[in-house]
2 protein chains.
Amino acid sequence: MIDETTARDAVVRAADELFYTRGVQAVGMDAVRTAAGVSLKRIYSLFASKDELIVAVLHHRTTIWDAGLATTSERATSARERILAIFDFLDAWFREPDFRGCAFINTHGELGATSSAVADAVREQKRTFQEYVARLVADVGAPAALAPQLAILAEGAQTTAAIAGTPEAAHQARAAAETLIDVAMTGRG
Amino acid sequence: MIDETTARDAVVRAADELFYTRGVQAVGMDAVRTAAGVSLKRIYSLFASKDELIVAVLHHRTTIWDAGLATTSERATSARERILAIFDFLDAWFREPDFRGCAFINTHGELGATSSAVADAVREQKRTFQEYVARLVADVGAPAALAPQLAILAEGAQTTAAIAGTPEAAHQARAAAETLIDVAMTGRG
DNA sequence: TACAGTAGAGAACGAACGTTCTCCGCGCAA
DNA sequence: TTGCGCGGAGAACGTTCGTTCTCTACTGTA
């Protein structure tokens, strides 16, 4: 038998892909079992319920998102570039063939009303992202009010790209971000 | 018996409220029947399937959204004000106690992957909104590139407010919009 | 070899859902 | 009044789903 950590990881990864592609409620635990290659009995020994698995998947997504953001920002040479790198990261993501919007936003829309655990996990992720943006804004020396504006642009780009099915929202949001940063830095806004 | 138009309207209104509050898949047709006061048999004579009802609800939401936007924009005295009125409209909406985000975004996240009819209806609504913004941007005499930036701000404000459960994203987006408009009008962006 | 414990495969179970069907009552034509 | 057709209420049906249970096979030990 494979060890607990490996099994858990396999289940979360399989569920993540299925949930993201088809939506959470459209995926039965049988499908997760098949995709993960882990028996239902084992899955239910690792997670008390589907709800708990959903939350684990959201946490997994958070890790991936944070890592992707960190990697993209490493290439940036200035604080300003590090902010704009967010939108380059989004652009690359939107172009992936299986891009289907932000999993957190999607899951919140689907289950946020009925599962407070899901709502909490999503809110937590968004809060972390906003804090990340706030740190970058502080680094660049702009007023703190700029941060939520940039975060809203990033959120809006994600839903716009998801619904339209095209990636151009990333560079539109990036252009807006550049304007907002420049204005904030020169005190005009 | 109530006439067809009235019955249809009652079903759509009841379904709209239930779907928006709990999510689409969390609401059974029995709940729609009870809330609308229309028998299942009648509902299925008005709508071929739940999918068809969902699309009808989305169209109903589109009408409400368009009307709300038009009402808010009537109070504006200039083209610039008419653009900013969008964010005032959002602000008022976010403060409603049962605000739960944009129904189109939520439904797309829930069913967009499995129902192309839903995906189409949502895409259509967002396209209409973008055209509305583009018209206002043309009226104010700003470059066309401003329009998608403002639309992204509006989308981002909706998801941010929905997940955070607080309304401040509206005025943050409004402030960003003011900056973007001003820069676009003076040719600085 | 015999046995105990464990895990996998998937059958089974109870609930919920979308959809259809049955039964009953009402209004209307003759 | 009698018969007919339509609509309402909700029971029924078949499916799907989350979760649990059963049965079998295998591993390690004496």
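In what follows, every chain begins at residue 1, and chains take the letters A, B, ... in the order their sequences are listed. Atoms considered below: every heavy atom in the structure, side chains included; atoms not considered: hydrogens, waters and symmetry mates. Predicted model, so just to flag it, every value in this text is computed and none were measured.
- Taking side-chain N and O atoms only, A:R42 has a distance below 4.0 Å to OP1 or OP2 of C:dG8.
- Applying the ring-ring contact (aromatic ring centres under 6.0 Å, His included) test to every pair with at least one member in residues 24-58 of chain A, sequence neighbours left out, gives no pairs at all.
- Listed by first and then second residue, the salt bridge (Lys or Arg N to Asp or Glu O under 4.0 Å) pairs involving residues 132-156 of chain B are B:K126-B:E155 (not counting sequence neighbours).
- Scored by the side-chain contact (heavy atoms from CB on, under 4.5 Å) test, B:A36 finds B:V11, B:A14, B:V38 as partners (sequence neighbours excluded).
- Residue pairs meeting the salt bridge (Lys or Arg N to Asp or Glu O under 4.0 Å) criterion with at least one member in residues 156-168 of chain A, sequence neighbours excluded, do not occur.
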ask   = How does protein reach along nucleotides 16-24 of chain D, written 5' to 3' as B (base within reach of a heavy atom under 4.0 Å), S (only sugar-phosphate), or - (no contact)?
value = --SBB-B--
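- Atom-to-atom, CG of B:L53 to C1' of C:dC17 comes out at 15 Å; the value is rounded to the nearest Å.
- Listed by first then second residue, pairs satisfying side chain to side chain donor-acceptor pair (under 3.5 Å) with a partner in residues 86-96 of chain A read A:D88-A:R174, A:D91-A:R95, not counting sequence neighbours.
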